[in-house]
Number of protein chains: 4
Amino acid sequence: MRKIDEGKKERVKLAVFEITRDEGIAGLSFGKIAKHANVSSGTPYVYYKDKTDMLGKIYLDVKDLLDTGLRASIAAGKTPEDKLFNCVYHFAQQFHEHPLESIYLDEVRDNPKVVTAEVIRQGNRLAQPVDNLFQELNEAGMFVINNQETLYALLFAPFIMVQKQRVVTDQPMMLSELETVIRLSIQGVLKNR
Amino acid sequence: MRKIDEGKKERVKLAVFEITRDEGIAGLSFGKIAKHANVSSGTPYVYYKDKTDMLGKIYLDVKDLLDTGLRASIAAGKTPEDKLFNCVYHFAQQFHEHPLESIYLDEVRDNPKVVTAEVIRQGNRLAQPVDNLFQELNEAGMFVINNQETLYALLFAPFIMVQKQRVVTDQPMMLSELETVIRLSIQGVLKNR
Amino acid sequence: MRKIDEGKKERVKLAVFEITRDEGIAGLSFGKIAKHANVSSGTPYVYYKDKTDMLGKIYLDVKDLLDTGLRASIAAGKTPEDKLFNCVYHFAQQFHEHPLESIYLDEVRDNPKVVTAEVIRQGNRLAQPVDNLFQELNEAGMFVINNQETLYALLFAPFIMVQKQRVVTDQPMMLSELETVIRLSIQGVLKNR
Amino acid sequence: MRKIDEGKKERVKLAVFEITRDEGIAGLSFGKIAKHANVSSGTPYVYYKDKTDMLGKIYLDVKDLLDTGLRASIAAGKTPEDKLFNCVYHFAQQFHEHPLESIYLDEVRDNPKVVTAEVIRQGNRLAQPVDNLFQELNEAGMFVINNQETLYALLFAPFIMVQKQRVVTDQPMMLSELETVIRLSIQGVLKNR
DNA sequence: AATGAATGAGCGTTCATTCAT
DNA sequence: CATGAATGAACGCTCATTCAT
């Protein structure tokens with residue numbers, strides 16, 4: 001029995017990331033992926049059932065990767081403010097460390113129809129530590145508003161938008177710039193300023 | 001010379017909006033559009049050079065529509081804070097009044113490759129009044145940061161994210177909810193709180 | 001508005017018949033058909049919704065063609081025996097006159113899954129005159145057995161088998177040979193010999 | 001040297017029969033067969049050179065199986081008429097006893113292109129006893145016609161058609177029904193009635 | 001002997017686009 | 001201006017076949 005060639009599988013994933021970065025997730029086609037990854041057109045089907053399955057599995061892989069260390073980051077914060085900053089900043093750092101994966105994540109979030117609702121649900125479950133932290137600070141009365149949806153938008157949307165803007169315009173993104181945005185987002189959301 | 005049938009052209013645009021809302025911008029095909037609009041498959045080519053041209057022209061139409069009254073809204077604000085609120089809130093109101101067009105706009109912003117870079121540039125030019133206002137308040141030293149990109153993200157990204165979330169999950173969006181988000185965004189961005 | 005080019009549509013149908021004759025109905029593919037008919041690969045989709053639709057519509061066309069004149073043939077028979085002979089012989093004649101279409105019909109009958117059950121049902125409805133005649137002679141007590149299914153098999157199966165055998169082995173088929181088979185089949189099925 | 005696992009080979013054959021019964025011979029794919037037989041996708045290639053070889057070898061196996069006892073059946077007939085009946089009825093019995101194999105046989109006969117011409121020829125050679133009997137009765141002047149092809153069609157086609165009809169419509173087939181058809185076929189073919 | 005990862009040709013189908021009418 | 005028949009490239013996917021293990 002032949003073992004599955006992990007190099008090939010990785011090349012397929014890499015192709016997905018790079019094409020998504022360069023042409024958007026709408027630009028993904030199995031033909032392009034196979035050519036880019038230098039594998040046969042049938043090879044992706046060895047690893048994935050179909051396109052939706054592929055995009056979904058890779059999405060969850062990416063979620064997993066980017067959530068790695070999140071719990072530890074939060075725990076490392078001494079004050080609640082620190083915890084919150086670490087939490088949000090974690091994803092900015094991950095973007096810096098894993099830009100391809102982060103861009104892919106953003107694209108899937110913007111086009112959730114490319115994966116199943118179940119995959120989105122599973123992905124959200126991985127963000128549990130964020131929810132827990134929000135809940136905790138919320139109960140401590142630290143936020144200017146006690147609504148998760150709004151809080152999430154105020155804290156995450158700004159730096160994600162800046163990220164995307166840079167990707168689209170092909171300009172470099174410095175971590176310190178993201179840090180600034182995040183610090184401002186956090187200040188705007190905490191009561192005692 | 002026959003005049004182009006504006007009713008047909010409008011039906012084509014409406015078809016684009018409705019299909020985009022229901023299936024995302026990736027679901028747009030000329031065949032679907034023609035059937036939805038009850039015109040022949042060749043008709044859209046009477047009005048537009050090709051698909052990119054169509055999406056781009058409609059994008060600019062929408063931009064134009066949604067910017068209508070922006071200058072007046074800003075001018076109507078008595079204090080600088082009022083002006084800023086009116087400015088951002090204008091787009092929230094437009095979303096409420098023109099949801100189809102707003103959704104289309106969001107989709108194009110998330111998938112900017114469907115139009116040309118030039119179209120995006122032209123679209124941005126229409127937001128001139130926003131830039132002017134930002135510049136003005138900036139020079140008055142009212143912002144916690146003097147960087148247009150960051151300011152834009154802090155003020156617009158949160159409520160846009162909330163909007164999109166509601167559209168995706170098919171939940172209703174009340175204008176007052178958006179107002180809350182926007183007020184918080186603005187407070188977070190102004191110096192003297 | 002362009003009119004549909006009937007020549008092209010006919011060439012597509014002819015391609016279906018010829019490929020079916022040469023390679024069996026399993027050998028049919030849209031690629032082969034288009035190449036054979038010298039039309040673009042997308043052209044068959046102008047005429048037919050999909051493969052099943054195409055095979056079904058052509059099947060009904062063929063049924064229609066081959067049933068043409070059946071009623072008249074039966075009516076032309078003076079005695080009941082004559083009517084019966086004319087009825088069965090009609091299809092032998094049609095095979096001789098329209099061999100491609102007849103072969104196609106046989107292949108669909110042998111592989112009924114290539115069309116929908118509804119199409120088969122509609123096709124059977126066209127054979128009404130045969131059923132009527134059988135019923136009539138049956139009530140007159142002329143048959144050695146009063147079971148339509150069995151009668152049909154005894155009268156039609158033999159000459160169809162001979163036909164198919166000749167097609168498969170690429171040997172010519174004379175109408176007089178079929179006539180012999182049919183006369184024997186009929187004698188075997190009538191009471192008073 | 002390892003022996004080939006006959007259990008596996010049998011499972012492959014059974015898979016071929018069952019898939020053919022359920023989906024027709026066109027539904028056969030090596031992937032399906034392997035999954036159905038619970039063997040690896042490469043395993044059938046251990047036993048067979050390729051698909052044509054597999055279908056052909058299995059066809060000959062089936063022919064062999066279904067011809068088993070034919071000679072004895074014929075010999076057991078006391079009169080020539082009995083011999084003829086036993087000969088034809090033998091295959092009806094085999095259909096009853098080995099329906100999967102018989103259906104497979106019918107499907108290959110209807111789609112002879114799935115095997116080579118040589119295989120068909122070899123298969124026909126196995127029916128030698130039938131030919132011999134026909135020859136014998138022919139020389140005794142018992143038939144209404146002295147043409148093997150025609151005789152074969154008159155005797156075998158009707159009950160095969162009835163069989164197939166029942167399989168397609170998923171209705172049960174009683175041996176006594178086939179017997180009726182066969183008795184009528186034989187009466188129609190013998191001179192002295 | 002048996003496995004199953006990998007291949008690449010070919011499948012049915014869609015779709016942006018063209019152009020004769 | 002408007003139509004819709006026709007095109008052909010590209011799509012997602014299947015499948016017979018090969019071969020390293």
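Proteins get letters first, then strands, A, B, ... in listed order; numbering begins at 1 in each. Computed from heavy atoms alone, side chains included, the values below leave out hydrogens, waters and symmetry copies.
Taking OH from A:Y48 and NZ from A:K9, the interatomic distance works out to 5.0 Å, rounded to the nearest 0.5 Å.
Residue B:K32 places its NZ atom among more than 12 non-hydrogen atoms of other residues, nucleotides or ligands, all under 6.0 Å distant.
Between D:Y104 and D:F17, the two ring planes are perpendicular [angle over 60°; tilted spans 30° to 60°].
Within the 4.5 Å cutoff, the side chain of C:K57 has no heavy atoms near those of the C:Y47 side chain. Side chains of D:V119 and D:L55 form no contact here, defined as non-hydrogen atoms less than 4.5 Å apart. Counting only heavy atoms from C-beta outward, the side chains of D:D50 and D:D53 approach each other to under 4.5 Å.
Between the D:E107 side chain and the D:I25 main chain, a donor and an acceptor come within less than 3.5 Å of each other.
Between A:D110 and A:K164 there is a salt bridge, since at least one side-chain N of the basic residue sits less than 4.0 Å from a carboxylate O of the acidic one.
Atom NZ in D:K8 sits roughly 9 Å away from atom C1' in E:dT3 (whole-Å rounding). When rounded to the nearest whole Å, the span between OH of B:Y45 and P of F:dT7 equals 17 Å. Computed from coordinates, the C:I4 CD1 to F:dT3 C1' distance equals 15 Å when rounded to whole Å. Separating the CG atom of B:N38 from the P atom of F:dA2 is a distance of 14 Å, rounded to the nearest angstrom. Separating the OH atom of B:Y48 from the P atom of E:dT18 is a distance of 17 Å, rounded to the nearest angstrom.
The partner of E:dG12, taking Watson-Crick or G-U wobble pairs whose two distances both stay under 3.5 Å, is F:dC11. Under the Watson-Crick or G-U wobble criterion, with both distances below 3.5 Å, E:dT21 is paired with F:dA2. Of the nucleotides present, none pairs with E:dA1 by Watson-Crick or G-U wobble criteria with both distances under 3.5 Å.
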Test side chain to side chain donor-acceptor pair (under 3.5 Å) applied to A:N111 and B:N111, step by step: CA-CA 9 Å; A:N111 300 274; B:N111 299 276; 3.3 Å; yes
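Not a single donor-acceptor contact under 3.5 angstrom links the side-chain atoms of B:S41 to the base of E:dA16.
Near DNA chain F, meaning a heavy atom under 4.0 Å from it, residues 14-35 of chain A has A:L28, A:S29, A:F30 in order of number. Residues from residues 49-60 of chain C placing a heavy atom under 4.0 Å of any atom in DNA chain F do not occur.
For D:Y47 and E:dA1, the shortest distance from a side-chain N or O to OP1 or OP2 is not below 4.0 Å.
Residues B:G42 and D:G42 both approach DNA chain F. Their nearest nucleotides, taken by heavy-atom distance, put B:G42 toward the 5′ side. Residue-to-nucleotide proximity on DNA chain E shows that, of D:S40 and A:S40, the 5′-proximal contact is made by D:S40.
Proximity note for B:V46 (side chain, C-beta onward) versus E:dA1, F:dT14, F:dA2: the nearest is F:dA2.
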